[in-house]
Amino acid sequence: MKDFVIFSLGCKTNQAEGQSLAEAVNKIGYSVTIDLVPARYYVLNTCSVTAEADKKSRQAVARILKLNNNAEIFVIGCASQYNAQAFINKPNVRFVGGTAQKAQAFEQILQIIQLKNNGYATPSSMVIAPFSDTFECLDKPYKSRMRAYIKVQDGCNRYCSYCIVPYLRGKSRSRELSDIMLQARLLAAESKELIITGINLSDYRIGGVPALAELVRSFASIDAARKRLGSLSVDAVTRDLLEAVREAGFCQHFHLSVQSGSDTVLQRMNRRYTTADVLEKVRLIREYYPNCGITSDIITGFPQETEQEFNETVQTVKQAAFSDVHIFPYSERGGTKAAGMPQVDISIRKQRAAVLDGVCAALKKDFLQAQIGKEASVYIEDAAGGYTENYCKLYVNAPIGEIVCIKPLKLYKDGLM
């Protein structure tokens, strides 16, 4: 049985923070994993991006108790920032924190454990710390995965009408470039693939000035077999960024946070671009990388979405020819502007998601079909295979941890063989 499990739900930034806390545990001599397995102590790093994510975060407590009904549970992250009371009275939960000052929260967790080990009774505590005006650094991520995440930014100033994240993470703040480069060199010695991530990566700044391209260009000096960018906003895609991506040797894969393919829906979402912008940025990416993977996120059934607006989204997605799309039926979040708008029936949200899923499945199949016979670099992550640089799942029998060059022969399951 492990001493600690640091279990993170949700986005890559949450995963990065969880892995950093695992490194802090490892440094002081405890055995640790980020997988949900039997252990004595659990730090549950929660997610609240949707109501479903909130639910999964709460349900994780019950999952932990099934693994060890005597476990000590410590909850942090976005779901507990959103509603700490939903966790504090759950069985075996000893501490509830939020998204800010996670390093200090971890120190409090260690103090609680020490007091109990010394025979002192400590009541459950709840500390939701205020947001910082500056980026809070954590340890480098613990090496327990094939990929290493580098968190370079936190918070968001955009306030999209459906999104609770700015209220849970605070204002946008960026990490010092020198500190990023130091961590990148350490991680490049341990992992073959580095992923740059942030709550709003597109808003990375140096001295208050937008500097995502400068950040990317700096990675030219990092000797890693693979480098990837996390999710980008549409307006972040510029020629300067694409040239920096090429110079620094990043993978030919871009994930664009599009959310809708209807101009009127985008306006209600408070997204600051149009469908014409989306299609132009997709065209620009393919000008630089004709065979790259371009993936996206789309919300169906946003408040007041009409059948015509949904059809506009379908047409935009077809024109963009995304290689894969994450589709989400709209989920109300209390405290956001969209939650107060007239709502689309849940059954219609799901029905539209199913229709769009069929469209996107056909687009994905077309993209995969185009890869057959082309030489591809594949990072072998497990016994089944791994992913190509342009983010195609490839099933192949090869040594785990190696990057191999192969030619896919046919479609297979959700990828290629």
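Since the model is a prediction, treat every value here as computed from it, not as a measurement. Side-chain atoms are counted along with the backbone in the values below, which use heavy atoms only and exclude waters and symmetry mates.
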Novice: What residues form a salt bridge (charged side-chain N to carboxylate O under 4.0 Å, His left out) with Asp203, not counting sequence neighbours?
Specialist: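 For Asp203, the residues satisfying salt bridge (charged side-chain N to carboxylate O under 4.0 Å, His left out) (neighbours in sequence not counted) are Arg205.
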Novice: As an exercise, state the distance from OG of Ser260 to CD of Gln267, rounded to the nearest 0.5 Å.
Specialist: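 So the OG of Ser260 and the CD of Gln267 are separated by 10.5 Å.
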Novice: Under the ring-ring contact (aromatic ring centres under 6.0 Å, His included) rule, collect the residues that match up with Tyr288, sequence neighbours excluded.
Specialist: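 In terms of ring-ring contact (aromatic ring centres under 6.0 Å, His included), with neighbours along the sequence ignored, Tyr288 is linked to no residue.
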Novice: Should Lys27 and Asp139 be marked as a salt bridge (Lys or Arg N to Asp or Glu O under 4.0 Å) after you check the CA-CA gap, both sets of side-chain angles, and the distance that decides it?
Specialist: CA-CA 10 Å; Lys27 277 185 175 180; Asp139 268 303; 2.6 Å; yes
Novice: Is a donor on one side and an acceptor on the other found under 3.5 Å between the side chain of Lys227 and the backbone of Gly249?
Specialist: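 Looks like no, no N/O pair under 3.5 Å.
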Novice: Under 3.5 Å, is there a donor on one side chain and an acceptor on the other for Gln308 and Glu312?
Specialist: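 Yes, side-chain donor-acceptor contact under 3.5 Å.
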Novice: Enumerate donor-acceptor pairs with a distance under 3.5 Å from any side-chain N or O in residues 128-136 to protein atoms, sequence neighbours excluded.
Specialist:
unit_1 : atom_1 : unit_2 : atom_2 : d
Ser132 : OG     : Thr134 : N      : 3.0
Ser132 : OG     : Thr134 : O      : 3.0
Ser132 : OG     : Thr134 : OG1    : 3.2
Glu136 : OE1    : Gln101 : N      : 2.6

Novice: Should the heavy atoms of other residues, nucleotides or ligands under 6.0 Å from NZ of Lys56 be counted, would the total exceed 12?
Specialist: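 12 or below, so no.
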Novice: With sequence neighbours excluded, what pairs up with Phe106 under the ring-ring contact (aromatic ring centres under 6.0 Å, His included) test?
Specialist: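 Scan of Phe106 (ring-ring contact (aromatic ring centres under 6.0 Å, His included), adjacent residues dropped) gives none.
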Novice: What side-chain donor-acceptor pairs closer than 3.5 Å can you find for residues 212-224, not counting sequence neighbours?
Specialist:
unit_1 : atom_1 : unit_2 : atom_2 : d
Arg217 : NE     : Glu247 : OE1    : 2.9
Arg217 : NH2    : Asp240 : O      : 3.4
Arg217 : NH2    : Asp240 : OD1    : 2.9
Ser218 : OG     : Glu214 : O      : 2.9
Ser221 : OG     : Ser218 : O      : 3.0

Novice: Could you label the plane-to-plane angle of the Tyr159 and Tyr167 rings as parallel, tilted or perpendicular, counting under 30° as parallel and over 60° as perpendicular?
Specialist: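 Ring orientation of Tyr159 relative to Tyr167: perpendicular.
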Novice: Among all residues two or more places apart in sequence or in another chain, which pass the salt bridge (charged side-chain N to carboxylate O under 4.0 Å, His left out) test with Lys102?
Specialist: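 Lys102 satisfies salt bridge (charged side-chain N to carboxylate O under 4.0 Å, His left out) with Glu17 only.
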Novice: Phe367: what forms a ring-ring contact (aromatic ring centres under 6.0 Å, His included) with it, not counting sequence neighbours?
Specialist: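 Once residues adjacent in sequence are excluded, Phe367 has no partner under the ring-ring contact (aromatic ring centres under 6.0 Å, His included) criterion.
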Novice: Any salt bridge (Lys or Arg N to Asp or Glu O under 4.0 Å) pairs touching residues 316-337, not counting sequence neighbours?
Specialist: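 Every salt bridge (Lys or Arg N to Asp or Glu O under 4.0 Å) pair that includes a residue of residues 316-337, provided the two are not neighbours, is Asp54-Arg333, Asp324-Lys364, Glu332-Arg349.
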Novice: Side chains of Asp263 and Thr275: is there a donor and an acceptor less than 3.5 Å apart?
Specialist: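 Judged by distance alone, the side chains do pair up.
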Novice: Which pairs, with at least one residue in residues 281-292 and sequence neighbours excluded, count as a salt bridge (Lys or Arg N to Asp or Glu O under 4.0 Å)?
Specialist: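 Sorted result for residues 281-292: Arg239-Glu287, Glu280-Arg283, Arg283-Glu287.
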Novice: Give a yes or no on whether the backbone of Arg169 and the side-chain of Gln81 come within a donor-acceptor separation of less than 3.5 Å.
Specialist: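 No; zero donor-acceptor contacts below 3.5 Å.
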Novice: Using the ring pair (Phe, Tyr, Trp, His ring centres under 6.0 Å) rule, collect all pairs that involve residues 191-216, keeping only residues at least two apart or in two chains.
Specialist: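 Qualifying pairs, neighbours excluded: none.
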Novice: Once you measure the plane-to-plane angle for Tyr391 and Tyr387, does it fall in the parallel (<30°), tilted (30-60°) or perpendicular (>60°) bin?
Specialist: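 Tyr391 vs Tyr387 ring planes: parallel.
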Novice: Taking only residues two or more places apart in sequence or in another chain, which ones pass side-chain hydrogen bond (donor to acceptor under 3.5 Å, both in side chains) with Tyr395?
Specialist: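 Tyr395: side-chain hydrogen bond (donor to acceptor under 3.5 Å, both in side chains) contacts with Asp414.
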Novice: Going by salt bridge (Lys or Arg N to Asp or Glu O under 4.0 Å), name the pairs with one or both residues in residues 371-385, residues two or more places apart or in two chains.
Specialist: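 Matches after skipping sequence neighbours: Arg147-Glu381.
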